[in-house]
Amino acid sequence: MTTSVEERRSDLQALVIKALEGVLGKDLSQATAETKLFEELGLDSTSVLELLMTLEDDHGIEVDPEQLEPEHLQTVGAVCDFIAASQEV
């Protein structure tokens, strides 16, 4: 049985939120795709690097930081879109 795009997206979003919880040390059970990383969650540049390392170490999701643009880090959904697009290549 194939996994739908929506299911893969939901799984990826759950992984990103779980990684953010670990990096930020807080419960993000109310986070959605629209949750703003910097304004709402208090992410900073160091946290971004920790997030990328956590995703790679814990989930095998490799992201090239050189390809990251500010718009990729605006919301949880933007991070998911960037990861999904980078995994398709």
Side-chain angles (χ1 to χ4, degrees):
M1 180 175 192
T2 58
T3 305
S4 72
V5 172
E6 293 84 18
E7 288 173 331
R8 287 192 306 256
R9 169 66 184 225
S10 178
D11 291 346
L12 181 56
Q13 183 172 309
L15 290 177
V16 169
I17 291 172
K18 181 177 179 172
L20 282 165
E21 285 181 327
V23 168
L24 298 173
K26 57 181 158 182
D27 176 40
L28 300 177
S29 59
Q30 300 300 314
T32 67
E34 291 80 31
T35 301
K36 293 180 168 80
L37 299 181
F38 292 93
E39 294 91 348
E40 294 178 53
L41 300 183
L43 210 68
D44 60 24
S45 58
T46 302
S47 302
V48 168
L49 294 176
E50 287 182 56
L51 173 63
L52 297 178
M53 289 188 301
T54 299
L55 288 169
E56 184 171 347
D57 293 345
D58 294 354
H59 306 291
I61 298 172
E62 294 186 32
V63 175
D64 182 1
E66 300 284 323
Q67 295 180 351
L68 273 174
E69 297 293 335
E71 63 268 13
H72 298 137
L73 299 168
Q74 290 182 350
T75 63
V76 170
V79 172
C80 294
D81 291 342
F82 176 74
I83 291 170
S86 68
Q87 300 300 307
E88 290 175 4
V89 177

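No experiment lies behind these values; they were computed from the predicted model shown.
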So, for F38 and D44, which heavy atoms are closest and what is the spacing to 0.1 Å?
CE2-CA, 3.9 Å
Working to the nearest 0.5 Å, report the span between CD1 of I83 and CD of Q13.
11.0 Å
Crowded around Q30 CD? As in, over 12 foreign heavy atoms under 6.0 Å?
no
Quick check: does any side chain N or O of S10 sit under 3.5 Å from a backbone N or O of E6, one acting as donor and the other as acceptor?
no
Between OG of S29 and CD of E21, what distance do you get to the nearest 0.5 Å?
7.0 Å
Between C80 and L12 the two heavy atoms that sit nearest each other are O-CD2, 3.3 Å
Could you walk me through whether L68 and L52 pass side chain to side chain contact (heavy atoms under 4.5 Å, CB included), step by step?
CA-CA 11 Å; L68 273 174; L52 297 178; 3.5 Å; yes
When rounded to the nearest 0.5 angstrom, what distance separates OG1 in T46 from CG in L43?
9.5 Å
In Å, rounded to the nearest 0.5 Å, how long is the span from NZ of K36 to OG1 of T32?
9.5 Å
Nearest-0.5 Å distance that lies between atom CG in L20 and atom OG1 in T35
9.5 Å
On a heavy-atom basis, the closest approach of F82 and V63 is CE2-CG1, 3.0 Å
Show me the pairs that pass side chain to side chain donor-acceptor pair (under 3.5 Å) and involve residues 63-83, at least two apart or across chains.
R9-D81
Separation between OG of S47 and CG of L51, rounded to the nearest 0.5 Å
8.5 Å
In short, L15 meets I61 closest at the heavy-atom pair CD1-CD1, 4.0 Å
